[in-house]
Participant: 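My questions all concern the structure below.
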Protein chains: 2
Amino acid sequence: MKKQPLAANLDFPRPYTTVDVAIFSVAGDALRVLLVERSREDGGPFAGCWALPGGFIDIERDADLRHCALRKLREKTGLAAGYLEQLGSWGSATRDPRGWSATHAYFALLPAAAEPRAGANAAEVCWFPVIGKGVRVRLAFDHAEILAAALERLRNKVEYTSLPAFLVPKEFTLTELQRAYETVLGRRLEKSAFRTRVLATRLVEPVDKLRAGPNRPARVYRLSNPGAPVFFARPFSPRGK
Amino acid sequence: MKKQPLAANLDFPRPYTTVDVAIFSVAGDALRVLLVERSREDGGPFAGCWALPGGFIDIERDADLRHCALRKLREKTGLAAGYLEQLGSWGSATRDPRGWSATHAYFALLPAAAEPRAGANAAEVCWFPVIGKGVRVRLAFDHAEILAAALERLRNKVEYTSLPAFLVPKEFTLTELQRAYETVLGRRLEKSAFRTRVLATRLVEPVDKLRAGPNRPARVYRLSNPGAPVFFARPFSPRGK
DNA sequence: TAAGTTAGTTGCAGTGTGCCACTAAGTAGC
DNA sequence: GCTACTTAGTGGCACACTGCAACTAACTTA
């Protein structure tokens with residue numbers, strides 16, 4: 001009988017459990033991710049290394065995993081998430097030198113206009129531009145792998161969902177929305193097909209405003225149903241080509 | 001300073017950590033999921049209740065989460081998984097009456113021919129037909145929710161991937177493969193479009209055999225690249241209609 | 001008034017699906 | 001051997017949406 005005596009003894013060793021959040025936003029025409037610098041004083045691993053915001057679950061305060069992720073987000077940015085999705089979990093004996101650990105990873109999208117780091121110890125928090133499958137700095141733990149997975153999921157979903165709508169301000173023009181798509185995807189989209197798709201799905205509705213500028217003003221839109229992403233029938237470019 | 005002294009003291013309470021696996025296969029033209037009956041003797045919660053196979057991570061034996069899921073699969077079925085994918089994680093203060101717990105959920109697909117429960121305590125293990133978003137029995141913990149999520153993910157992915165190829169034997173006819181798709185989806189597909197799609201993506205390659213029967217024999221195929229699922233350019237029915 | 005820039009529309013070809021009809025190849029019954 | 005039946009597999013056409021490209025619209029600046 002190798003079975004563990006479940007109720008009789010729950011004191012066998014448990015993994016460390018953390019929650020990490022990859023927080024994205026766009027600035028100019030670059031996608032960027034929020035990173036925190038790990039303390040050099042507390043004696044923890046990867047001191048001074050950049051990492052995804054996150055940390056241990058607080059059993060007293062966090063009702064569930066999602067609340068824990070929202071708390072991490074709030075602590076680092078002082079903002080409510082436009083969008084928060086569970087990404088997956090990473091757990092192994094070796095990812096943390098202190099012992100067997102598992103992290104529950106989330107990714108979040110913030111609107112461009114939002115000014116972050118409002119509520120937190122700002123010196124340790126910084127936006128890094130996303131280049132290819134990650135950032136230029138070395139990340140703590142397996143966070144580079146987690147970030148790469150987040151980017152892959154994000155870029156994949158952008159092909160057939162309205163996720164980039166969470167990266168633009170509440171009111172936006174269709175061109176601005178298209179730019180958000182292109183920033184995430186790293187490639188240009190066809191204006192005509194983009195507009196047809198967006199307008200056909202009732203994703204957005206016009207606001208009675210025009211965005212002035214040095215040329216023809218653009219109609220301003222907002223989300224018809226903020227909070228819920230829309231799924232399109234097909235990806236943008238039929239993957240084959 | 002509310003910060004936890006990370007390295008100084010790692011002894012703050014940690015959640016229980018488990019791994020659960022939703023194991024699917026097809027029998028006849030029904031989709032079914034493998035469940036285990038929880039012990040009535042060990043004093044654990046939900047005694048006698050049906051549950052997804054799973055349990056605590058064994059820090060000594062499991063190198064990482066995926067290995068732990070593979071171990072659960074092996075212990076319950078005696079079989080190697082045709083396909084194993086991480087589904088997500090569920091964690092909260094209330095899902096387990098013993099305290100804060102988090103589970104890492106996976107889902108697995110087994111080929112139809114495989115005879116399960118070979119290596120395990122068979123009396124406690126049983127296939128249940130999937131009806132709608134779950135099974136007819138009440139499940140332990142939040143496993144009904146996890147199973148519903150697994151079914152949603154599976155049915156969603158079937159629309160644009162070759163996942164059902166992991167539900168048929170190594171060699172199969174195109175009609176058999178199409179039946180597997182239809183069984184998971186719960187609706188009929190167009191023969192012509194199905195064959196065009198499958199043959200256009202080099203998902204399968206013909207074996208030099210014919211499947212005899214009381215009518216015209218069918219050509220036998222196998223996967224060109226077993227192990228890796230194929231992604232199609234579009235879902236089967238453009239979701240709008 | 002002309003040039004430049006961005007907003008937004010229109011038309012057309014290509015691609016893959018949904019639908020339906022058709023042919024192909026075997027068995028079973030007479 | 002012929003016919004009926006069943007399943008395998010193919011071909012044609014309409015529809016929907018994308019990709020591409022050319023066009024018009026509206027505003028600013030020189």
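In what follows, chains carry the letters A, B, and so on, assigned in the order in which the sequence lines appear, proteins first and then strands, with residues in each chain numbered from 1.
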Participant: Please give, in whole Å, the distance from D:dT18 C1' to A:Phe232 CZ?
Facilitator: 13 Å
Participant: In whole Å, what is the span from the NZ atom of A:Lys191 to the C1' atom of D:dA22?
Facilitator: 11 Å
Participant: Does the pair A:Glu159/A:Arg187 count as a salt bridge with the N-to-O cut at 4.0 Å?
Facilitator: yes
Participant: Sort me out a list of protein N/O and nucleotides 11-15 of chain C N/O pairs below 3.5 Å, or just none if empty.
Facilitator:
from: C:dT15; atom 1: O2; to: B:Arg234; atom 2: NH2; distance (Å): 3.1

Participant: What is the distance, rounded to the nearest whole Å, between atom CD of B:Glu176 and atom C1' of D:dT7?
Facilitator: 12 Å
Participant: What one-letter contact string describes nucleotides 25-30 of chain C from 5' to 3', where B marks a base within less than 4.0 Å of any protein heavy atom, S marks contact via sugar-phosphate atoms alone, and - marks no contact?
Facilitator: BBS---
Participant: Suppose we screen for salt bridge (charged side-chain N to carboxylate O under 4.0 Å, His left out). Which residues come up paired with A:Lys191, at least two apart in sequence or across chains?
Facilitator: none
Participant: Mind checking what makes side chain to side chain donor-acceptor pair (under 3.5 Å) contact with B:Arg211, not counting sequence neighbours?
Facilitator: B:Glu176
Participant: Test of understanding: with side-chain contact (heavy atoms from CB on, under 4.5 Å), list the residues that count as partners of A:Gln86, not counting sequence neighbours.
Facilitator: A:Leu65, A:Tyr106, B:Ser89
Participant: Tell me whether B:Glu75 is salt-bridged to B:Lys72, with the criterion being a basic N under 4.0 Å from an acidic carboxylate O.
Facilitator: no
Participant: Rounded to whole angstroms, how far apart are CD on A:Gln178 and P on C:dA7?
Facilitator: 9 Å
Participant: For A:Phe166, give me all partners under ring pair (Phe, Tyr, Trp, His ring centres under 6.0 Å), at least two apart in sequence or on another chain.
Facilitator: A:Tyr83
Participant: With sequence neighbours excluded, what pairs up with A:Ala105 under the side-chain contact (heavy atoms from CB on, under 4.5 Å) test?
Facilitator: A:Leu87, A:Trp90, A:Ile146
Participant: Restricting to side-chain contact (heavy atoms from CB on, under 4.5 Å), what partner residues turn up for B:Ala51, sequence neighbours left out?
Facilitator: B:Arg38, B:Ala140, B:His143
Participant: Could you state the CZ-P distance from B:Phe194 to C:dC20, rounded to the nearest angstrom?
Facilitator: 20 Å
Participant: Starting at atom CZ of B:Arg219, determine the distance to atom P of C:dA24, rounded to an integer number of angstrom.
Facilitator: 16 Å
Participant: Measure CZ/B:Phe236 against P/D:dC15 and give the value in whole Å, please.
Facilitator: 23 Å
Participant: Distance check needed: C:dT6 P versus A:Arg195 CZ, whole Å only.
Facilitator: 14 Å
Participant: Apply side-chain contact (heavy atoms from CB on, under 4.5 Å) to B:Pro206 and list each qualifying residue two or more places apart in sequence or on a separate chain.
Facilitator: B:Arg219, B:Tyr221
Participant: Nearest of C:dT17, C:dG8, D:dG19 to any side-chain atom of A:Glu190?
Facilitator: D:dG19
Participant: Strictly below 4.0 Å: does A:Thr175 bring a side-chain N or O up to OP1 or OP2 of C:dA7?
Facilitator: yes
Participant: What pairs of residues pass the salt bridge (charged side-chain N to carboxylate O under 4.0 Å, His left out) test when at least one of them lies in residues 135-152 of chain B, not counting sequence neighbours?
Facilitator: B:Arg95-B:Asp142
Participant: Five pairs at each end of the helix from C:dT1-D:dA30 to C:dC30-D:dG1: take the axis at both ends and give me the angle between them to 10°.
Facilitator: 10°
Participant: Can you list everything that forms a salt bridge (charged side-chain N to carboxylate O under 4.0 Å, His left out) with A:Arg216? Sequence neighbours excluded, please.
Facilitator: none
